[in-house]
Trainee: 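Below is one structure. I have some questions about it.
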There are 2 protein chains.
Amino acid sequence: MAMGRPREFDVDKALDLALQVFWSKGYEGASIADLTETMGITKPSLYAAFGNKEELFRKALDKYVDGPGGYFQVALAKPNIRAVVEHMLYESADAVTGPDHPPGCLAVQGALTCGDAAESIKQELVARRAKGEQDLRERFERAIAEGELPEGSDAADLAAYLSAILQGMAVQAAGGTTREQVRKIAEMALRTWPPPPDLATV
Amino acid sequence: MAMGRPREFDVDKALDLALQVFWSKGYEGASIADLTETMGITKPSLYAAFGNKEELFRKALDKYVDGPGGYFQVALAKPNIRAVVEHMLYESADAVTGPDHPPGCLAVQGALTCGDAAESIKQELVARRAKGEQDLRERFERAIAEGELPEGSDAADLAAYLSAILQGMAVQAAGGTTREQVRKIAEMALRTWPPPPDLATV
DNA sequence: CCAATTTCCTACCGATCGTTAGATAAGTGA
DNA sequence: TCACTTATCTAACGATCGGTAGGAAATTGG
């Protein structure tokens with residue numbers, strides 16, 4: 001069987017470079033010309049290897065989630081809830097201000113708003129963030145069942161609250177806030193953790 | 001002196017409609033065609049009245065800041081720091097989930113990331129957010145001077161922390177989170193307020 | 001009524017958008 | 001060597017991007 005001409009670039013490396021571009025410019029802000037230039041390949045090579053811009057973004061997002069964004073699942077797997085939240089906050093602070101990649105979080109800034117053409121990408125990111133919050137909620141439910149959190153604690157509320165803090169740190173980082181300052185946000189959130197349940201609703 | 005043909009549309013109303021478009025699609029995602037269609041005017045009318053896309057955005061942003069975003073300054077003016085933070089959190093929760101306008105916050109989602117052409121708009125938004133945080137910091141400094149916050153409290157850290165929570169709520173809202181859920185985030189943040197100073201650094 | 005001024009609209013500008021033909025080059029298997 | 005397959009490149013596609021000429025229409029002051 002004929003194998004054809006071998007590819008002259010490393011698909012995985014090229015995808016990683018595409019990730020950097022999407023990460024710093026967002027889905028809409030990253031043009032195909034931006035991407036091919038950074039990836040060091042021509043447009044037809046990009047399309048042959050990755051389909052189209054949308055598919056390329058989705059592949060880059062997958063790579064992000066279990067690469068730079070992998071700390072999230074690592075944190076979820078910690079044995080006690082305090083460790084989960086600590087890890088989540090500290091690692092997130094470092095992740096959104098990492099010196100070797102763009103600041104912020106791809107899942108937040110990839111397409112927080114967009115034109116009609118990118119609507120499905122925006123929805124994908126909404127769904128990913130919701131999934132992360134849902135995972136967090138389930139982890140909190142377990143912690144509540146195991147008596148690790150104050151009686152009356154609401155897992156869904158805790159998950160929404162922590163998600164908001166993480167996303168807020170990502171926005172700060174995207175705006176150029178330093179690692180040290182973002183770490184302080186994480187520390188302050190942790191200093192008040194866990195938020196007591198609303199006694200009025202118990 | 002000849003006065004010329006009178007304008008057939010209300011500039012202020014048109015600007016408000018442009019604001020809605022930028023708010024929901026972001027600076028890059030909002031095309032001139034989107035804008036003119038929503039504003040009910042033609043392209044030459046838009047350019048004659050507002051200069052260009054960038055100027056239009058800046059004018060819409062000004063309108064946003066002292067319209068839908070006006071709660072921020074209102075909160076800052078509250079007489080005690082508890083009222084400032086309460087108002088800031090609750091009004092923000094309602095503002096980013098208002099039923100009569102797009103969800104989220106223009107200063108966050110207008111251009112969190114973008115291509116090269118929109119870089120100056122992104123920087124403008126970064127500066128606006130930084131200004132808000134700075135205002136907050138000054139308000140906390142005053143509160144500390146007046147003995148309203150625990151000894152050792154750091155005004156800059158408190159401002160960064162609260163800013164992050166507000167921005168996190170905006171991200172949540174942009175993703176479709178309901179008003180009730182965002183309000184719960186505000187309530188939880190308030191329940192733990194104020195975060196105690198880090199005793200290790202005192 | 002006429003000149004001056006300003007807004008209106010249609011039609012278009014060059015540049016860039018994402019995407020793809022079509023030809024050529026480089027490899028494999030027979 | 002020759003067919004086959006796949007990657008490479010240049011060059012282009014139609015659509016849309018932000019922005020603008022140029023002329024008709026509507027107002028004012030004379």
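Please read all numbers here as calculations on a predicted model, not as lab measurements.
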Trainee: Atom CG of Leu46(A) and atom C1' of dA7(D): how far apart are they, to the nearest Å?
Mentor: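 After rounding, the gap between these two atoms is 14 Å.
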
Trainee: Nearest whole angstrom, please: distance from the C1' of dT27(D) to the CZ of Arg7(B).
Mentor: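 Computing the Arg7(B):CZ to dT27(D):C1' distance gives 14 Å.
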
Trainee: Do the rings of Tyr27(A) and Phe22(A) sit parallel, tilted or perpendicular, given the 30° and 60° boundaries?
Mentor: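 Answer is parallel, since the angle falls under 30°.
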
Trainee: Return the value, rounded to whole Å, for the distance between atom CD of Glu55(A) and atom P of dG18(C).
Mentor: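 Atom CD in Glu55(A) sits about 15 Å away from atom P in dG18(C).
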
Trainee: Hey, can you tell me if Trp23(B) and Tyr64(B) have their rings parallel, tilted or perpendicular (30° and 60° cut-offs)?
Mentor: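 Perpendicular.
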
Trainee: Evaluate the ring planes of Trp193(A) and Tyr161(A), with Trp represented by its six-membered ring, and classify them as parallel (under 30°), tilted (30 to 60°) or perpendicular (over 60°).
Mentor: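 Rings of Trp193(A) and Tyr161(A): parallel, as their planes differ by under 30°.
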
Trainee: Check this for me: does any side-chain nitrogen of one of Asp198(B) and Lys184(A) sit under 4.0 Å from a carboxylate oxygen of the other?
Mentor: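 No, Asp198(B) and Lys184(A) are not salt-bridged.
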
Trainee: So, does Ser45(B) get its side chain near the phosphate of dT7(C), meaning an N or O under 4.0 Å from OP1 or OP2?
Mentor: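 No, Ser45(B) has no side-chain N/O under 4.0 Å of OP1/OP2 on dT7(C).
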
Trainee: Going by the salt bridge (Lys or Arg N to Asp or Glu O under 4.0 Å) test, name the single residue among Arg7(B), Lys59(B), Lys63(B) that passes it with Asp12(B).
Mentor: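 For Asp12(B), the salt bridge (Lys or Arg N to Asp or Glu O under 4.0 Å) check succeeds only for Lys63(B).
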
Trainee: Report, as yes or no, whether the 6.0 Å neighbourhood of atom CD on Glu37(B) holds more than 12 heavy atoms from other residues, nucleotides or ligands.
Mentor: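 No, because the 6.0 Å sphere around CD of Glu37(B) holds 12 heavy atoms or fewer from other groups.
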
Trainee: Need to verify one output field. Residue with the more 5' nearest nucleotide on DNA chain C, Ile41(B) or Arg5(B)?
Mentor: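 This one resolves to Arg5(B).
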
Trainee: From CZ of Phe9(A) over to C1' of dT6(D), roughly how many Å is that when rounded to an integer?
Mentor: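 Checked: the CZ to C1' distance equals 12 Å.
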
Trainee: If a protein heavy atom is under 4.0 Å from the base, mark B; if only from the sugar-phosphate, S; if neither, -; do that for nucleotides 10-20 of chain D going 5' to 3'.
Mentor: B-B----SSBB

